[in-house]
Amino acid sequence: MSTTIRTRLMKFVHVGILAALLGACQRDLADLQPVGNPTNPEVFINTFSPGLNYAAFGGSVPTAFDVDNSVTYNSISTTSMRFEVPDAGDPRGAYAGGTFFTGTGRDLSGYNALTFWMKASQAANIDVLGFGNDLGANKYQASIAGVPVTTNWQKYIIPIPDPTKLTDERGMFFYSEGPENDRGYTFWIDEVKFEKLGTLAHPQHAILNGQDQVETSFLGVTKSIGGLNSTFNLPSGINQTVNVTPAYFEYVSSNESVATVDASGLVSVIGGPGSAKITATVGGTAAKGSLTIQSVGNFQPAPVPTRDPAKVISFFSDAYTNVPVDYYNGYWAPFQTTLSADFEVNGDHVLNYTEFNFVGIQFSSPTVDATAMTHLHADIYLPNTLPANASFKIEVVDNGTGGTGAFTTSIPAAQSQQWISLDIPFSNFTGLSNRSKLWQIIFVDEGGNIPGFYADNIYLYSAGTPPTTPTTAAPSPTVPPANVISVFSNVYTNIPGTDLNPNWGQATVVTQVPIQGNNTLKYAGLNYQGIQLGSAQNVSTKNFLHLDFWSANSSSLKVYLISPGPVETPVTLTVPTSGWTSIDIPLSSFAPVALNNVIQLKFDGNGDIYLDNIYFR
């Protein structure tokens, strides 16, 4: 064989081998599968599992969690997780709470429960324990509530509603617990891990707490499906109910031309008249409960109020200017179940309460003086068909000495699915002795048969002639004296030498009148009026000018701070008032007044004005 032929043959062989190798590599690459997430089931076994992090919840004691080297579940375990629950009023935080999470997701689809051992320094009921809180979407969160714990080690099981969902989970464990009877205590948790248990039985899933609800609705209304839970029979024979998030469920609408439902359980009414039934499954198993939407088409609004705005204090209405409200649903856990799904149709805002047992509206900054008001008004609409007459209770709460007043009304089943206007005299609120510091209105399902309701036009009003002078004293201040520079108040030591009626050529008649034994400054026929401070005041370390003011007939009122120059800046106050108005004006609103050299205050406007508790804080 010639050298040339031998060389060509060797090249051919090399090329063939290379091609075969490349072909093999191509086949191997095509057959490769993506690397999955780790399947490590351990959370805390003697120490943090790899990649585990801890974050305290907002408002909790940041140091509540620690690793304990002396208290453990058994002799094999060398450490445990220790949680210190604070006493009520602890300045470090109101409760103990946080989450253990990983930076990289884990595939937990091969397990069906989170298990752990737990004991405490005393018998208690822990508010919430669970998994799935990843400080993000918390998509697949599951938890148990009111968990009883004793001074002995016991094993706890939190079943996973649908393990196939947990292929990329980062929320390994979370907890939240407050003081028991205002006192703190300690609890320990050990051997936290995910397991595949063969002893979990009879899974049952539910939406709307397993109820079949029928609800009248309208175009444009949205509603979140609540009452989500899964129940499993544990090895002990006890049924364990787990509160879960919507992503575990697959939702279906029987008529998507009337109502659609998305993956989060949000139902949107898009058509009508007609009906649609919303159902759900978990892992292919039908969930108990359903929501039948009976759309009547266009929204039926509540009656438009016609009362004189000057005689109204409004909390929720598009017809009036509402006073500041802290919230329309504070969600007072753990006993409240009521959720909110408020909606707006054609510019009309409506409160929508679902899963109703009770709910509170709070307005604490400032409270409301309703002394001049005679009635509470509310429009309510019960969208569900009632099985029997409903017992609907309304409570009004005074933050001072007035206590709580309660009024209960019966709503016949025939009056459901229509607006009902309630006009309740304050004299009907049993137990209310004073209403000068109202701060809460609470709605209660007294009979347990009102699944939800809409609310609109919640306001107080005066049905008669309002008083022309205050009948109650201004609210008594509670700010510590050390934080106050007082101009006029019975509660504090006022700036010595202050002239409350300097001669500036004004027409205002100035007097001091006693109201319930409290000295009150009265400006009759105001055009303008000054206050000359006994000495220049440096208020630059304070934040607010506080005033309590009352007027039945003023249509214009301004307050000024004045520094040498003179440099003066007004702030407009809202008049007339409905009882005493308490206001804290940021001192920054008076710029460019020199706050380190304030020498005077001034008021201008009209009508008769009553003033009290004028101070910097």
Side-chain angles (χ1 to χ4, degrees), residues 139-143 159 161-162 164-165 202-233 239-297 299 336-343 350 352-357 359 381-388 390 413 416-418 445 447-454:
K139 189 174 181 179
Y140 298 112
Q141 185 168 294
S143 64
D162 182 3
T164 64
K165 301 279 190 178
H202 312 302
Q204 298 181 36
H205 311 287
I207 65 174
L208 302 170
N209 292 315
Q211 298 177 353
D212 294 313
Q213 295 186 6
V214 179
E215 184 172 303
T216 298
S217 197
F218 315 93
L219 282 171
V221 171
T222 59
K223 174 188 175 73
S224 292
I225 297 290
L228 308 177
N229 59 70
S230 295
T231 302
F232 293 79
N233 188 255
N239 284 336
Q240 176 66 71
T241 296
V242 182
N243 298 312
V244 299
T245 47
Y248 282 106
F249 292 79
E250 305 291 335
Y251 302 93
V252 176
S253 168
S254 67
N255 188 349
E256 293 194 342
S257 65
V258 171
T260 61
V261 58
D262 67 13
S264 68
L266 181 67
V267 179
S268 300
V269 182
I270 61 172
S275 65
K277 186 175 184 179
I278 310 299
T279 56
T281 58
V282 176
T285 301
K288 292 183 177 180
S290 65
L291 173 66
T292 297
I293 295 290
Q294 295 179 336
S295 172
V296 297
F299 177 64
Q336 179 184 332
T337 62
T338 308
L339 303 176
S340 290
D342 306 337
F343 59 89
V350 181
N352 181 11
Y353 295 117
T354 65
E355 312 300 324
F356 175 53
N357 65 339
V359 67
Y381 186 107
L382 279 57
N384 301 85
T385 301
L386 298 180
S416 62
Q417 301 177 344
Q418 59 184 292
D445 178 13
N449 56 359
I450 304 176
F453 70 100
Y454 305 156

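Position 1 is the first residue of the sequence, and the numbers go up from there. Only this structure's heavy atoms are used, side chains among them; waters, hydrogens and symmetry mates stay out.
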Here the gap from I450 atom CD1 to N384 atom CG, rounded to the nearest 0.5 Å, amounts to 10.0 Å
| query | Short question: side chain of S253, backbone of V261 - any donor-acceptor pair under 3.5 Å? | reply | no
Checklist entry - When you check the side-chain N and O atoms of N352 and D342, is any donor under 3.5 Å from an acceptor? => result no
Is any side-chain heavy atom of K139 closer than 4.5 Å to one of T245?
no
Classify the ring geometry of Y454 against Y381: parallel below 30°, tilted from 30° to 60°, perpendicular beyond 60°. parallel
Does N449 offer a backbone N or O that forms a donor-acceptor pair with the side chain of D445 under 3.5 Å?
yes
inquiry  = In this structure, is the centre-to-centre distance between the rings of F343 and F299 below 6.0 Å?
reply    = yes
Next item on the list: State, without any angle test, whether T241 and N229 hold a side-chain donor-acceptor pair at a distance under 3.5 Å.
Entry: no
- Message: Could you check whether any side-chain heavy atom of K277 comes within less than 4.5 Å of a side-chain heavy atom of N255, counting everything from C-beta outward?
- Response: no
Test item: Y251 side-chain N/O and D262 main-chain N/O as donor-acceptor pair under 3.5 Å: no
Interatomic distance, CG@L291 vs CD1@I225, rounded to 0.5 Å, equals 4.5 Å
Within the side chain of S230, is there an N or O that forms a donor-acceptor pair under 3.5 Å with the backbone of H205? no
- prompt: When you measure from the side chain of T337 to the backbone N and O of E355, does any donor-acceptor pair fall under 3.5 Å?
  reply: yes
Note: L219 and S295 closest approach over all heavy atoms is N-OG, 4.4 Å
With distance as the sole criterion, is a donor-acceptor pair present between the side chains of Q213 and E215 under 3.5 Å? no
- Query: Is there side-chain contact between P451 and F356, with at least one heavy-atom pair below 4.5 Å?
  - Reply: no
Non-hydrogen side-chain atoms of D162 and Y140 separated by less than 4.5 Å:
no
From the list V258, T222, V269, side-chain contact (heavy atoms from CB on, under 4.5 Å) partner of S217 resolves to V269
